[in-house]
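Please read the structure below before turning to the comments.
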Amino acid sequence: MGFIVKNTTKCGPLDLLCPYHCRGCGELGEVLCECCKNYITSEKINHCLKCKKVINEKCQNCTLPFSATFVVGYRDELIGALAEEYKFFGVRKLGKILTEILDDYLPDFSGDVVIVPLPTIQKHVRERGIDHTYQIAKRLAKMRGWKTEKLLLRNKNTVQLGADMDKRRRQAKEAFLFHGEINENKTYVLFDDIWTTGASMTEAGRIFKKMGAKKIVAVVFATNRQGKRPEIRR
Ligand SMILES: [Zn+2]
Ligand SMILES: [Zn+2]
């Protein structure tokens, strides 16, 4: 790993002739070339979402409401830039590519698996024209024979972007409503794109635990580095 890519991939006039350039190496043709795509998952290193130490599936030092957590990479790496571009600019081609990266990165989970996207504020879905976590969850479920269930709903239009960490934690506690049923024999994969403070995902995990889920897995594309104050984007 080692790609540090700035999110400066705006469309230029040349894009009309050749619509994509690789976000990793700049080569014209695809939004991400095979080589850069393979590079992202070439070393499958997993980090604890909280302390950022290298772990297998679960950190022995940190308390989080999950049986396992998986993160593809860091936010300042190529994977982080791709996830943000997909979310904020709705580059649809990235949806397929990001799902393939996730499929390649994640181990097989045995038994019945349900993937639950962390819900996005409806206003943001409308503005961006894309329900990014749901789209990825749906694609991944199709590839892996899982089910997608929208078991979490947004309680109200709490705006999380730009809020400071304490405020985000407080908001997360009120952000979700559980809607549906838990089958304790199933594995629930909670999916979000970026782990910033972890407030949303942790709260989602707590809700699933409270509702009786026994196997809860957290999956994200990227997280901030240890000791680095999370950049909270507006
Ligand atoms: Zn490339
Ligand atoms: Zn840890």
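Whatever order the structure lists them in is the order used to number ligands and atoms, beginning at 1. The basis for the numbers below is simple: all heavy atoms, side chains too, and nothing from hydrogens, waters or symmetry mates.
- The environment of NZ in Lys58 is crowded: more than 12 heavy-atom neighbours from other residues, nucleotides or ligands sit within 6.0 Å.
- Between Phe208 and Phe178, the distance separating the two ring centers is shorter than 6.0 angstrom.
- Between His47 and Tyr74, the ring-plane angle classifies as tilted under the 30° and 60° cut-offs.
- Salt-bridge check for Lys150 with Asp131: passed, with a basic side-chain N closer than 4.0 Å to an acidic carboxylate O.
- Within the sub-2.8 Å shell of the Zn ion (ligand 1), the protein contributes these N/O/S atoms: Cys22 SG, Cys25 SG, Cys33 SG, Cys36 SG.
- Of the charged side-chain nitrogens involved, none lies within less than 4.0 Å of a carboxylate oxygen, so that Lys186 and Glu181 do not count as a salt-bridged pair.
- The pair Arg139-Glu100 fails the salt-bridge criterion, with no side-chain N (NZ, NE, NH1 or NH2) lying under 4.0 Å from an Asp/Glu carboxylate O.
- Between Arg75 and Glu84 a salt bridge is recorded (basic side-chain N to carboxylate O distance below 4.0 Å).
- Tested against Val116, the residues Leu190, Thr133, Thr148 include a single side chain to side chain contact (heavy atoms under 4.5 Å, CB included) partner, Leu190.
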Are Trp146 and Phe109 close enough, and set up right, to give a ring-ring contact (aromatic ring centres under 6.0 Å, His included), and what steps lead you there? CA-CA 10 Å; Trp146 296 351; Phe109 301 129; 5.7 Å; yes
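- For the Zn ion (ligand 2), the set of protein N/O/S atoms nearer than 2.8 Å consists of Cys48 SG, Cys51 SG, Cys59 SG, Cys62 SG, ordered by chain and number.
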